[in-house]
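Each ligand, and each atom within it, is numbered from 1 in the order the structure gives. Remember, predicted model here, so these are calculated numbers, not experimental data. Numbers here simply count residues along the sequence, with the first being 1.
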Amino acid sequence: MFRVSKVLCESRKFSVGNVVHGWRVVSIDNIPELHGLNAVQLVHERLGSLFLHLDAPDTNNVFSVTFRTPVSSNNGIPHILEHTTLCGSKKYPVRDPFFNMIKRSLNTYMNAWTAGSYTMYPFSTQNAKDFENLLSVYTDAVFFPNLEKQDFLQEGHRLEWDKSTNSFVLKGVVFNEMKGVMNDPSTLFALRMMTEMLPNTPYANYSGGDPLEIPSLTHEELVAFQQKHYHPSNARFVTYGSFGPEKTLQFLNDKIFPSFEKRLDVPSAPNAVTTFARPKILEMTGPADPLRSVSEQGVRWARSYLCCDAQDVDQSSALQVVSSLLLDGPSSPMFKALIKSGLAPDFAPMTGYDYHTRSTMLTLGVSGAQESELGMIKGVIDHTLIESADKGFDPQRVRALIHKLQLSLRKTQANFGLNLASRIMPFWVHDCNPVDLLRVNRFTEQLQKAVDHPRSRLLESLVEQYLLPNVNPHTVELLMRPDETFASKQTEKEERILREKATAADRNEVVRVQEELESRQQQKQDISCLPCISLEDVSPTVEFHTMQFSFPTRQLNSTVVFNDQPTNGIVYFSRILPVDLRCVPQSKIMMLNLFVSFLPRLGTQSFAEDELSVALDSAADSVSVGSLITNDETAFVLGASALADGSFFDSKWRKTSELLYEILESPRLDNVDRVSQMLRTMMQQLPSEISDSGSSLAMRYAAAGLSQEHEIMELTSGISYIRNAMRLGDDPTYVLSMIRDWLGSLYNAQMEALRGPANSIAVGTARSLYIGPTELLKQCAPAFSRPFSPSVSLRPDLNQELPSQVVEFKNHAYFVTPASQVEYAAGVMKTDIAYESLDSVASQVLVRILSSQYLHRLVREQGGAYGSSASFNVLNGSFGMSSFRDPNGLRSISLFQGGLAWLKQYNVTEQDLTEAKLEMFQGMDAPTVPQSRGSLAFLRGISDEQRQRRKQWIRSLVAEDVYRVADRLEGHLKKHGMRVCIFGSAEGAKKAEREGWTVEDLSMNSEV
Ligand SMILES: [Zn+2]
């Protein structure tokens, strides 16, 4: 990724005090710890806009523009503005320039988001022409948006007349999005805590919007808010990468800024909160979790402490470390006191240090605790804080943390620039110097001093200053009890607002506006005004990743494959061991995930679980036991990465390999306490997965009936897995026994591989900047190329025979999740289209056309769902469609079933093809992190030559190919039909039941 080096500082134009295209250079700083990048800060002389350029030899260039958008109500104004801004602008007057550009560019990232007090619009791309195109569309969108009334109605909120039920309904993309967000008890809890901690600041309001208040926002207010806030005088720009800032500076100055005069009334940094005289103690109710009874799920409780001002960057960084030392990992004091002790299964939402607000805060609390235990819990928290301040933090843990911090800087990330830009922003909007944030070494040196001189008490003094009992009057204690009727009360409130709106509304007028909007949504629009990268701008070849050299190892009867590339001194290693799952009973398959996630956390014969985690943090970048499902197999992937500089015998790398072998050879398979605790935590966290990933759960369940591979996917990560996992709480012994059983399978897989013909079962993707490949071989091979032999018994201590079949997968299944007010729908079918074929490529094009020309229009724009998409899995040939936060899942399902018929009569244009192809090239050419290079070949057996062939097929593909594959897919649809599934509300279930669907209730009372 780091290729071209731009020597910006040699250019005399950019020296402090000089003016470049209307921008005055304010400062230039070199940051050695971040790959030696140069940070240039500029200010626009006439308008006062701020600009930060991070000059790095990285081809993945970033642009972002950010405005302060503080709010004083919950009507969601900045969020709805963020959506409508992207619905057409002066130069690009089309309905959806943003979504269209996703397909007309080679971007590696495009997005926009509303934070607590600002709104940010970033993109990244590796192509210079594309950068110009996107820059033009982004800046036109934010500075000259059309903000038409109809876009406001579509994205914000509107009243509609539902002919099928003869009643009014409220719709709108943001309205529905926030309804989904507000179903989540953890989000509600965190929002309330924020409001109570920071009254009379912008953070006391929900910038995303409360669905009960969104309907009060008017179009006029939206337009006025835009004019005031989206102004150059209120803008902060960041660019990053190898292109240099000059063209962007010139473009803004010459093309955008002439339309503006300096504005003095732009918002200043959000104010700090006025400190409380005494603590607040509050209670609230929230939605009940699905899958468990109210008494079982316990309560959420937390105490937040006001800490320093965000402008105090040093103290804020130190507080992040304090939070991490108190709370992270099984060796932390709060984990031991609250979670390991069994007082609570998990920490509360928001637990930890939050630096995104002007006045920062640290939160300590628990989720899923019994209310009767809260007195004890508060005592334990206070006691733990007193002890941490008195005895000080364990220097070994502080050292491990420094190691982790330094390592995270050395790691090459796929979107490094974008991460930097988003990390800086919360500080920059609070008037900190963004460069201070980048100087990480200064901070780790301070930490190192604190460890070397224990009397400095750098970290402990912060505990004393903010967290000890009775020292900080500005605290809020918040208790949230689950309420099974919460969702229905919420619906009642919404209905009240709907009734008010309906009474005031003129039905004919509503229908007229609605029809106007519908006909506008159905209009085919000409988007030729939007810039588009041409296929000629795309490199005709793929980047070759595959191994440069390999060598046989006698010990493992296998080939070790190396991928030689720059990794900043980190070696990445993985070894795979395939297991045939065809004869493994379902009940064991459902335990696969628990095995891979629990095994490395049990501790070993020589390290207790908390010692092991400190040892790993001090030595490794990461150590993992993972699994990968392909066809009817699972492959265990044993992975490790660590620094490999220095000599092998005292290297982190050797220690890491020893730790991995320890985990595999002598895990503590009798650690019942740890397993019980991990199960409790898991049961606390799993229910929220249902609302977070409803569409993929629906898709996975619907697909389970297609093939054994799909069934295994469902059993290891679908709703069947979640329901099974929720039942394991009382039975840690069974879980341990299953872990032992799986470890046996892992060991057998290794033995199998040793006996079988030589195959490549290990790979080191590596290249040290300090040692050559031969040296690396010498160092890595002895570390990992030996078999492991467990010193624990591998015979499972289960007496009973496992039932082989426990779940049956139904078609037309509707899962009711009690708290849900929206739906997630999925339909999927199997095809016989092989990876290595033109039809596979054509199917990928087809699903893109379906998503953008059919589903986006009918399911999102007209149906009011937050999202929808069609997908084709090139590896197993399954074809499907799904919707996300959908007000009407059944309607979407019938649209899914009509998708192919629609496509066949649709006129596929050259532009449709180009857009689909560009999107596919985006994926193929996206920057790859070192640890993933070559993994497609290694784990999936897809060679660089195959990828190259695919790229050529994509280029040559024509409309006939799409129609041909549509015929072929329709043949499958007619023969086998589509398997469908919905996750949704009790109300939706009634409708589905009337249409013959099988309804399954996920709440605790029902049969599991
Ligand atoms: Zn949104």
Seminar exercise, completed: Sorted by chain and number, protein N/O/S atoms nearer to the Zn ion (ligand 1) than 2.8 Å are H79 NE2, H83 NE2, E177 OE1, E177 OE2
Exercise. Who pairs with R423 by salt bridge (Lys or Arg N to Asp or Glu O under 4.0 Å), at least two apart in sequence or on another chain?
Worked result: none
Exercise. What about the rings of F67 and F143, do their centers lie closer together than 6.0 Å?
Worked result: yes
Exercise. Of all residues at least two apart in sequence or in a different chain, which pass the salt bridge (Lys or Arg N to Asp or Glu O under 4.0 Å) check with E861?
Worked result: R95
Exercise. For residues E82 and T114, is any side-chain donor paired with an opposing acceptor at under 3.5 Å?
Worked result: yes
Exercise. Does E516 have any salt bridge (Lys or Arg N to Asp or Glu O under 4.0 Å) partners at least two apart in sequence or in another chain, and if so, which?
Worked result: R512
For this session: Run the ring-centre check on F131 versus F123 and record whether the distance is less than 6.0 Å.
Result: yes
